[in-house]
There are 2 protein chains.
Amino acid sequence: MADIAQAAGVSVATVSKVVNGRGDVAPRTRARVQELLHQHRYLAPVFRHTEAIESPTIEVQFKGGLKSYVAEALEGIIDSAAELGASVVIGQASRAPHWARDLVSAGRRAVIAVTSVYTTAHLNELARAGLPLVVLDPLHLPDSRVNSVGATNFAGGLAATRHLLSLGHRRIAYLGGPTMAVCNQARMHGYRAAMEAEGAQVPDACVRPGEFTYETGLLGATELLGLQEPPTAIFAGNDEIALGVIETARARGLRVPEDLSVVGFDDTSLAQMASPPLTTVRQPLREMGGAALRTALRLARGEKAESHHIELATELVVRASTAPPREETSAHR
Amino acid sequence: MADIAQAAGVSVATVSKVVNGRGDVAPRTRARVQELLHQHRYLAPVFRHTEAIESPTIEVQFKGGLKSYVAEALEGIIDSAAELGASVVIGQASRAPHWARDLVSAGRRAVIAVTSVYTTAHLNELARAGLPLVVLDPLHLPDSRVNSVGATNFAGGLAATRHLLSLGHRRIAYLGGPTMAVCNQARMHGYRAAMEAEGAQVPDACVRPGEFTYETGLLGATELLGLQEPPTAIFAGNDEIALGVIETARARGLRVPEDLSVVGFDDTSLAQMASPPLTTVRQPLREMGGAALRTALRLARGEKAESHHIELATELVVRASTAPPREETSAHR
DNA sequence: CTGAAAGCGCTTACAG
DNA sequence: CTGAAAGCGCTTACAG
């Protein structure tokens, strides 16, 4: 601690305050000291012990249910952890006063958050505790303090839409997730780009935001299929939405893919088990989980991440939910 | 430490030596000091921290993928753990020489195994390490050394079959999981009991074992629907099998439920998102996970479990995949 | 074998 | 917002 104080040009007392997250330190001083602490891999005395004996423990947090999407990423995290000798604790995001420090005390060395929203306050608390964070599939635009792992959503949206265009569809709708989610934006812009490149129309009514849920699929498809000129194909923002679309079509007596083509996104196990099996854009969720785990481990060791944001390639998987559109006359219902 | 020194009538330095196990202390002095240390619950500084805050850690192991079934039980485990201040590590079953002892050294206090097979050798290794085990949805018949949590599978099989019978079906097939799995046996016998009570035939060809997978549904339904007298309803051993059945029906141009009724088992999220939404037997997976966690915690504290085997109630959930059979003539295809 | 004394790494009440 | 100073809990080299 004396070394760090000297390097930072402050007293040992001030360094101590930074370590303990006390308020009475100037932000600039705090930042400088924290940087040095990190460089020197300083660990508060209470934590030194655990460090020595335990294998690094990574905390995985997710919000909402443990959906297929999260479960499959988690499989990748667990497999990589087993391989690399790390332990994975799975927990809920806590909002207790010093949650990040509590996590460190409980032996965690990094946090992986799956599709979570992190505010500046959270990031500050993590920084105070010296606990690195990796976000899998970030909902926000990458913040410079956050390492993240994602997929090429724009390219995926492009590929899905081109596939439908190549089958002959021109009235294609996009039924997506939350407007603010960057992955959703990228998918939607991929869709728009493909449509524009083909000179296909994108009426406002054909681009609908929602949630990444089955209910959004159910409701959105009802709206879309009720339009005067209903789409002949729907590109859903994820597989769950796509399943809702398929069910709405079935309930209306429309067959997929004969009467309506549907494309999903993610390629969770849901897609293979859908009826009909779903054409979708595969996200390599296990690999993404593995990448997140490896990044978390690097950061836990005090190394820099190789890259601030890693993006893995998506891939179109054609199954049975897409086909050429019916003739124009029969497409009008 | 000063207190203890005074109580023992020695100097702080001597107490420190005892704590650190150094050699240069008279045996009698050492004994006296150690006694006092114990009385005062003295903990060396390095251990103080972890000991104080570290919550009991439970290891959850599962085999194969993190399917919906496991994911939903895991949600229950995590929620209860958060509530009770325990941590959940999720790992893979290891078969290293002293795996159970390694788990104990890594801080685990109990193991929850989801749908896993445990051999006598495993139980011995666990017993040697003093690590209690709770099995969720045991595949074996309950062993007296194993605590387990399950559901009323027989009653569920009975309810599912009675539902189909009450709709007017008489040719009902059971397409289940592995023959040796006790949960599968119980479901199947529930089915048989309901059929017999109604005086309905159960031809051998109408009871098929398999795996708890989509593929079993696909293949089994192909066989069943190819029979001379195909069933008008299929009771599937779990939701995944049911989805395979629905897809096989769709691919053959049969509509569910008009041409074929399908019932699943589990009521995972798959069931709600199926097309049509699946009539199924609900297992309270979250509650089962919670029960397993609480049992594991009791055992970790050295208490006896309240009961050797806990069984939670199943419940029929009627959705859109079941309907009365078509007239006999049209049922022949 | 024991303990007085020096010292280490850290924290904190308080003066500026 | 900062740091000098006092202090805490502990360890250790060394004199006895």
Side-chain angles (χ1 to χ4, degrees), chain A residues 1-54 56 96-109 120-132 145 300-302, chain B residues 1-54:
Chain A
M1 204 184 244
D3 291 354
I4 287 160
Q6 182 157 33
V10 296
S11 70
V12 176
T14 302
V15 176
S16 171
K17 285 175 193 169
V18 172
V19 167
N20 295 289
R22 304 190 42 147
D24 54 347
V25 182
R28 290 208 35 181
T29 310
R30 178 187 302 277
R32 195 164 72 248
V33 171
Q34 245 158 6
E35 177 60 25
L36 262 338
L37 287 167
H38 196 256
Q39 275 176 29
H40 290 240
R41 312 232 175 115
Y42 180 87
L43 255 188
V46 268
F47 303 139
R48 268 169 219 169
H49 185 63
T50 43
E51 188 69 9
I53 27 168
E54 278 167 31
H98 295 301
W99 57 273
R101 252 179 283 169
D102 291 348
L103 287 178
V104 174
S105 325
R108 319 294 196 259
R109 293 296 167 259
T120 311
H122 298 142
L123 297 178
N124 287 341
E125 170 66 14
L126 285 164
R128 263 198 298 279
L131 198 57
R145 297 154 72 191
R301 284 195 303 261
Chain B
M1 205 182 243
D3 290 353
I4 287 159
Q6 183 157 31
V10 297
S11 71
V12 176
T14 302
V15 177
S16 171
K17 284 175 191 167
V18 172
V19 168
N20 295 288
R22 301 187 48 148
D24 53 349
V25 182
R28 291 205 37 178
T29 312
R30 180 189 300 279
R32 196 165 73 251
V33 171
Q34 244 156 7
E35 176 58 25
L36 263 337
L37 285 169
H38 197 256
Q39 276 176 27
H40 289 242
R41 313 246 165 96
Y42 180 87
L43 256 187
V46 266
F47 297 131
R48 245 164 243 175
H49 193 61
T50 38
E51 192 68 11
I53 24 170
E54 212 182 84

DNA chain C: stems of at least 3 consecutive Watson-Crick or G-U pairs whose donor-acceptor distances fall under 3.5 Å: C:1-3 with D:14-16, C:5-12 with D:5-12, C:14-16 with D:1-3
Quick check for you: among [options], whose closest atom lies nearest to any side-chain atom of [X]?
| X | options | value |
| --- | --- | --- |
| A:Val12 | C:dC1, C:dT11, D:dT2 | C:dT11 |
| B:Arg22 | C:dG3, C:dC1, D:dT12 | D:dT12 |
| B:Ala13 | C:dT11, C:dG3, C:dC1 | C:dG3 |
| B:Val25 | D:dT2, D:dT11, C:dT2 | C:dT2 |

OP1 or OP2 of [N] versus the side-chain N and O atoms of [X]: is any pair under 4.0 Å?
| X | N | result |
| --- | --- | --- |
| A:Tyr42 | C:dG9 | no |
| A:Thr29 | D:dC1 | no |
| A:Thr14 | D:dG3 | yes |
| A:Ser11 | D:dT2 | no |
| B:Ser16 | D:dT12 | no |

How many angstroms lie between atom [atom1] of [X] and atom [atom2] of [Y], to the nearest 0.5 angstrom?
| X | Y | atom1 | atom2 | value |
| --- | --- | --- | --- | --- |
| B:Lys17 | B:Asp24 | NZ | CG | 4.5 Å |
| B:His40 | B:Glu35 | NE2 | CD | 9.5 Å |
| A:Arg109 | A:Arg301 | CZ | CZ | 14.0 Å |

Taking for A:Ala2 and for A:Asp24 the nucleotide of DNA chain C with the nearest heavy atom, the one nearer the 5' end belongs to A:Ala2
Are B:Ser16 and B:Val19 close enough that some pair of their side-chain heavy atoms sits under 4.5 Å apart? no
What is the distance, to the nearest angstrom, from the [atom1] atom on [X] to the [atom2] atom on [N]?
| X | N | atom1 | atom2 | answer |
| --- | --- | --- | --- | --- |
| A:Ile4 | C:dT11 | CD1 | P | 12 Å |
| A:Met1 | D:dG3 | CE | P | 14 Å |
| A:His40 | C:dG9 | NE2 | C1' | 16 Å |
| A:Gln6 | C:dG9 | CD | P | 14 Å |
| B:Lys17 | C:dG3 | NZ | P | 8 Å |

With a 6.0 Å cut-off (strictly less than), is the heavy-atom count around CD of B:Gln6, excluding the residue itself, greater than 12? no
Between D:dG16 and D:dT12, how far is it from one P atom to the other, in whole Å? 22 Å
Taking all atoms of both residues into account, what is the closest heavy-atom pair of A:Val15 and A:Met1, and its distance? CG1-CG, 3.5 Å
Short question: side chain of A:Arg108, backbone of A:Leu103 - any donor-acceptor pair under 3.5 Å? no
Regarding B:Val15, tell me which of base, sugar-phosphate or nothing describes its non-hydrogen contacts under 4.0 Å with the strands shown. nothing
